[in-house]
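Input: a single structure, listed below in structure tokens.
As the structure lists them, so they are numbered: ligands from 1, and atoms in each ligand from 1.
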Amino acid sequence: MAILEFRGKKLTDAKEIKSVLETYGIPYECWGVRTMADSSVEGVLRTYDQDIKRLKAERDYVTEDVIALDPSTPNLDVLLAKFSDEHHHTDDEVRFTVAGEGVFEINVTADERVKFTAEPGDLIVVPAWRRHLFYLTTKKTIRCIRLFKDKSGWEALYPYAQEGSAERTLHFT
Ligand SMILES: [Fe+2]
């Protein structure tokens, strides 16, 4: 289950995490870990089919896929470097973690972030245009379901690079 670090607190209770994130317009749901008949892409999507359909209807997503990153992924460090700098997208970044873990640092105000560690069973939506960054934990492994309104909106945009080290003063603890 997820961990949320914010203003010196470390939350692990799903209801508390949901409440804090909702305050800042960040949807979070605990879908839980389910037994899968098979671990293929189709098997994963089938296992979470009802929640996927519901979320698509609620938030106008039209397509989904499954992505996996682990140390065997070609150019893993290059891929990850794209997302460890602050950026945003013009589409929501929707991630349901099936396996592994990853960390999102998401702006909630101009100078504050939350640090959200996604673990198996967690669904999070980084809203479109919201400043954030993402990296893997030392396990360097994650498998996620992604939902999209428009895959072209998934390109990362980096309007924050000019701010240099100033952006590193943002804090979540
Ligand atoms: Fe992103």
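- Looking only at N/O/S atoms, His89 comes nearest to the Fe ion (ligand 1) through NE2.
- The Fe ion (ligand 1) has an N, O or S atom of His132 under 2.8 Å away, backbone or side chain.
- Contact detail for Arg7 and Tyr24: the closest heavy-atom pair is NH2-OH, 3.4 Å.
- The aromatic ring centroids of His132 and His87 lie less than 6.0 Å from each other.
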Check: Are His88 and Tyr160 close enough, and set up right, to give a side chain to side chain donor-acceptor pair (under 3.5 Å), and what steps lead you there?
Finding: CA-CA 9 Å; His88 67 249; Tyr160 314 110; 2.9 Å; yes
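- Between Tyr28 and Phe116, the ring center distance clears the sub-6.0 Å criterion.
- Residue Glu93 approaches the Fe ion (ligand 1) most closely through its N/O/S atom OE1.
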